[in-house]
Amino acid sequence: MRVPNLFRLLKRSARPQPGHPERASFSMGERPIPGQEPEPPSSEKKTRDTPLSKNLDDNLKTLKDIFHVPESSDVVFREFTCGRPLLKVSVGYIDGLSASPVVFERILQPLMLLSPIRDPNKLDPIEYLKLALIPNGQVQEKNTVQETIESMVVGDSVVLVDGSSTALAVETKGWEHRNVGEAVSERIVRGPQHGFVEVLRTNTALIRAIIQTPNLVVESLDVGVRATTKCAVLYLKEVANPKIVQEIRRRVTSIDTSEVLSSGVLEQFIETRHSLLPTIMSTERPDRVAHFLMQGMCAVIVSGDPFAIVVPVTFFTFIQSPEDRYIRWPYGNLLRGIRYFAFFLTVFFPGLYVAIVNYHPEMIPTTLITVIAASRQSIPFPLSIEVLLMYLGFELIREAGIRIPSPIGPTIGIVGALLIGEAAVSASIVSPIMVIIIAVTGVASFTLPNLEMAMFTRVATLVFIVAGSLFGLLGIVSATYVLLSQTLGLVSFGVPYMTPIAPSRPGKDGLIVPEVASGEKRPVYLKALDETRQGSPSRRWDFGRTLEPEEIRDSKGGKGGGKQESPEGKQ
C-alpha cells in the first residue's frame, strides 16, 4: 500500500497543478477558456442619432436588442392590430416603472377596442392616434431610437405604428415610491414638517405648492453617460442672476461620468474646489429650498434622491436653521448665537485643553490645575493618548447609534456612552474631567443644523487635538491660520465663502432682521435682478394705506416690494 505524500496533497490543494489552471472552469480575463473559441467583441451600437424606421418589425428588433429581450423579463412589447383597415401597432413599456392600469386604460383599451373606422388618406395614423385615440395629458412625438429609449427608461410608454417613422411617448410613470412624510435629518418645532421624497416630480410639485408663481422655472437636464439620470434646476426667472443659472447648467451638462445616482455625487462634480468645508448646501426641506429661491439662489434636485442642493452659499448659511425665521427675530438671533458658540466650542475645546494642560499649565488657576492633577494621578496614559481614545470612543458610539436599527439606536448610544464612560473612570483609564470635555464637545456638535458642517467639525476637532498635542498653543494658532486661509480662499459659484465679512458687504447675513423691516434687500452678493424684498414701509396699514392693485408685483415685471415711498409722503 502506497503512503500518500502529505506535503504534495497540501501543495495541490493550495494552488492548481501546472497545465490545469482555474480558467478551465471560469475566467474573467481576456484569454479564452481552453476548448472554446473566443467570441468576437460586439461593437456598441450608436443609437443616439439613428432615426426610427417605417418598418415596425425593424423598430421592434432594434429596441429588443437594446433592451436585451427576452433576457430582460420586465420589458414588454405588446403587438396588436388597430382600426379599419387593420394597422399593426406595438406598445412598449417597462413593467414596474410604468403604471399598468394607466397603460391598459389610456393606451391599450382605446387602441384595441375603441378605435373607429377611419380614412387613412385624410389623416396620418400617428396624428390620428395622438389627437383622437390616446386620452392622456402628455403625448410627445419621438423620431430617433435614442429618444424612444429615454422615454421608456423613465417610465413612459411608446406607441409604434407600422408605416410611420415617428413614435408616440405617452406619460405613464407609476413606480412604487415613498409617500411624502416628515423631514428626518432637519427636524424643527415650528414650521412645515414635510420633506422631499425620491420622486423628482413630487419634489418639484412640493416647491411649486409653496412658491405659487409662474416665474418659478423648473429646467430638466440629463446627467450620466451610461445610465442617464434626470435632474431639475430650479430658479426664479425675474430674481436669480442669469450668470449663476448659466454656470450651473454648464457644469451639470459637462459631467462626463458613467452615472450620477444621488445629489451627493453631483455635488462633488460641480463644486468649485474640493475642501473639507462644504461649499454647497444640501437640504431635504421644501420650505427651506423655497426660501433660498426667493432670495435669488438656485437649487438642483436629482431623481431618486430626497435631498436638494442649493448654490451659491456662504459659511453663515450652514449655521442657519429654517426654524429661525418661523419664530420671533430676537429668539432666532439667540439660537444662531448659540450655534456659533457651539461650532467654535466643538472645534477648539478638546485641542485647547490638551495644549494648555500639557504645555501652558501656568494659564490655569491654581485650584483648577490641582483638581486636574489629582484626577490624572492614577491614569496610565499621557493626556494626548487619553483624549484621542475618548474622542474615538465617542465617535464609535455615535456611528453605532446611527447604523443599528432606529428603535434601539438612541438607547444604545446613551446607555453605551454612560456605561463605557463610567467603567473607564472606575478603571482609572480616563479622568472624569476628560469625560466631561468630550461629552460637552459631542453635545455641542449636535446643535449644528447641517450634516456637512457637522462632519467638518468632527474632522477639524481631531486635527486640533493632534496640533495641540504636538505643539501646544503654537499648533492651535498654526492650525487656525491654515483653516482661515483655506476658508477665505473658498468660492461658491463666484461668491466668496466668508461674505459678507470678507470681503465686507452691506447686509446682515449672519443675523435675523425683523420680518417687518422696511425696505429689506436680498443678499447683495447674489446680485439678484430684483434686489428689493420688502417695500418701504412694508406695513402700510400703520399709515392708513393698503396695497393698491397696480402696485402688486405682477408675473411679468417681478419687481418686489411695489412702490418705494416714504412714510411722510403717504400721510
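Note that these values count all heavy atoms, side chains included, but never hydrogens, waters or copies made by symmetry.
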### Message
Would you compute the distance between atom CG of Asn450 and atom OG1 of Thr283 and round it to the nearest 0.5 angstrom?
### Response
8.0 Å
### Message
Looking at every non-hydrogen atom in both residues, tell me the closest pair between Arg339 and Leu448 and how far apart they are.
### Response
O-CD2, 4.1 Å
### Query
Taking C-beta and beyond as the side chain, do Val491 and Thr279 meet within less than 4.5 Å on heavy atoms?
no
### Task
May I ask you to check if Arg273 and Tyr497 form a cation-pi contact, with NZ or CZ under 6.0 angstrom from the six-membered ring centre and within 45° of the axis?
no
#### Entry: Side-chain donor or acceptor of Glu323 paired with backbone N/O of Arg190 under 3.5 Å
yes
### Query
With side chains defined as the heavy atoms from C-beta onward, is the minimum distance between Arg398 and Ser445 less than 4.5 Å?
yes
### Message
Testing the basics here: between Asp95 and Ser100, what is the closest heavy-atom pair and its distance to 0.1 Å?
### Response
OD1-OG, 3.6 Å
### Query
Is there a side-chain contact between Phe292 and Thr317, using heavy atoms and a 4.5 Å cut-off?
yes
### Query
Quick one: are the ring centres of Phe456 and Phe315 less than 6.0 Å apart?
no
### Message
Could you go through Leu529 and Val239, starting from their C-alpha distance and side-chain angles, then the distance that decides it, and tell me whether this counts as side chain to side chain contact (heavy atoms under 4.5 Å, CB included)?
### Response
CA-CA 5 Å; Leu529 298 180; Val239 176; 5.8 Å; no
### Message
Checking side-chain polar atoms at under 3.5 Å, does Thr532 have a donor or acceptor matched by the opposite partner on Lys521?
### Response
yes
### Query
With a 4.5 Å limit on heavy-atom distance, are the side chains of Met294 and Leu236 in contact?
yes
### Message
Checking the side chain of Glu238 only, and the main-chain atoms of Asp530 only, is there a donor and an acceptor separated by less than 3.5 Å?
### Response
no
### Query
Is a donor on one side and an acceptor on the other found under 3.5 Å between the side chain of Asp324 and the backbone of Ser321?
yes
### Message
How long is the straight-line distance from CD1 of Ile476 back to CD1 of Ile465, given to the nearest 0.5 Å?
### Response
9.0 Å
### Query
Is the side chain of Thr229 donor-acceptor paired with the backbone N or O of Val260 at a distance under 3.5 Å, no angle test?
yes
### Query
Taking all non-hydrogen atoms of both residues, which atom of Glu259 and which atom of Leu261 are closest, and how far apart?
CG-CG, 3.8 Å
### Message
If you count every heavy atom of other residues, nucleotides or ligands that lies below 6.0 Å from Glu182 atom CD, does the total exceed 12?
### Response
yes
### Query
Would the number of heavy atoms belonging to other residues, nucleotides or ligands and lying under 6.0 Å from NZ of Lys527 be above 12?
no
#### Entry: Minimum side-chain heavy-atom gap Arg376-Ile433 below 4.5 Å
no
### Query
Does Ser220 use its side chain to pair, donor to acceptor, with the backbone of Ala232 at less than 3.5 Å?
no
### Task
Kindly give the heavy-atom pair with the smallest separation between Gln320 and Pro449, and that separation in Å.
O-CG, 3.3 Å
### Message
Could you check whether any side-chain heavy atom of Phe67 comes within less than 4.5 Å of a side-chain heavy atom of Ile94, counting everything from C-beta outward?
### Response
yes
### Task
Check the angle between the aromatic planes of Phe394 and Phe446 and answer parallel, tilted or perpendicular using the 30° and 60° thresholds.
tilted
### Message
What verdict does the salt bridge (Lys or Arg N to Asp or Glu O under 4.0 Å) test give for Glu247 and Arg251, after you've listed the backbone C-alpha separation in whole Å, the side-chain angles of each residue and the deciding distance to 0.1 Å?
### Response
CA-CA 6 Å; Glu247 181 64 14; Arg251 295 190 186 186; 2.7 Å; yes
### Task
Kindly indicate, with the supporting measurements, whether the criterion side chain to side chain contact (heavy atoms under 4.5 Å, CB included) is fulfilled by Thr314 and Ser492.
CA-CA 7 Å; Thr314 64; Ser492 176; over 6 Å; no
### Task
Give a yes or no on this: more than 12 heavy atoms of other residues, nucleotides or ligands lie within 6.0 Å of atom CZ of Arg328.
no
#### Entry: Within residues 200-219 or reaching into it, pairs that qualify as salt bridge (Lys or Arg N to Asp or Glu O under 4.0 Å) - sequence neighbours excluded
Glu219-Arg249
### Task
Could you grab the distance from atom CG of Asn203 to atom OG of Ser303, nearest 0.5 Å is fine?
8.5 Å
### Query
Which pair of heavy atoms, one from Gly494 and one from Pro496, lies closest together, and at what distance?
O-CD, 3.7 Å
### Message
Please check this pair: side chain of Thr172 against backbone of Gly155, looking for a donor-acceptor N/O pair closer than 3.5 Å.
### Response
yes
### side chain to side chain contact (heavy atoms under 4.5 Å, CB included) evaluation trace for Leu490 with Ser275
CA-CA 8 Å; Leu490 291 178; Ser275 66; 3.6 Å; yes
#### Entry: Under 3.5 Å: donor-acceptor pair, side chain of Asp305, backbone of Ser263
yes
### Query
What pair of heavy atoms forms the shortest contact from Phe493 to Ile280, and how long is it?
CE1-CD1, 4.3 Å
### Task
Walk me through it: do Arg285 and Ile188 pass the test side chain to side chain contact (heavy atoms under 4.5 Å, CB included)?
CA-CA 10 Å; Arg285 299 189 59 86; Ile188 61 175; 3.1 Å; yes
#### Entry: Contact check, side chains of Pro350 and Thr461, non-hydrogen atoms, under 4.5 Å
yes
### Query
Does atom OH of Tyr359 have more than 12 heavy-atom neighbours from other groups under 6.0 Å away?
yes
### Query
If you count the non-hydrogen atoms of other residues, nucleotides and ligands that lie under 6.0 Å from CZ in Phe341, is the total more than 12?
no
### Message
Could you check whether any side-chain heavy atom of Ile255 comes within less than 4.5 Å of a side-chain heavy atom of Val225, counting everything from C-beta outward?
### Response
no
### Query
Hey, what do you get for CD1 (Ile301) to NZ (Lys230), rounding to the nearest 0.5 Å?
15.0 Å
### Query
salt bridge (charged side-chain N to carboxylate O under 4.0 Å, His left out) with Glu284: which residues, sequence neighbours excluded?
none
### Task
Check the surroundings of atom CD in Glu71: do more than 12 heavy atoms from other residues, nucleotides or ligands lie under 6.0 Å from it?
yes
### Task
Quick one: pull up CG in Asp287 and CD in Gln193 and give me the separation to the nearest 0.5 Å.
9.0 Å
### Query
What residue pairs, at least two apart or across chains, pass salt bridge (Lys or Arg N to Asp or Glu O under 4.0 Å) with a residue in residues 444-462?
Glu395-Arg458, Glu399-Arg458
#### Entry: Atom pair CD (Glu531) and CZ (Arg522), whose distance is rounded to the nearest 0.5 Å
9.5 Å
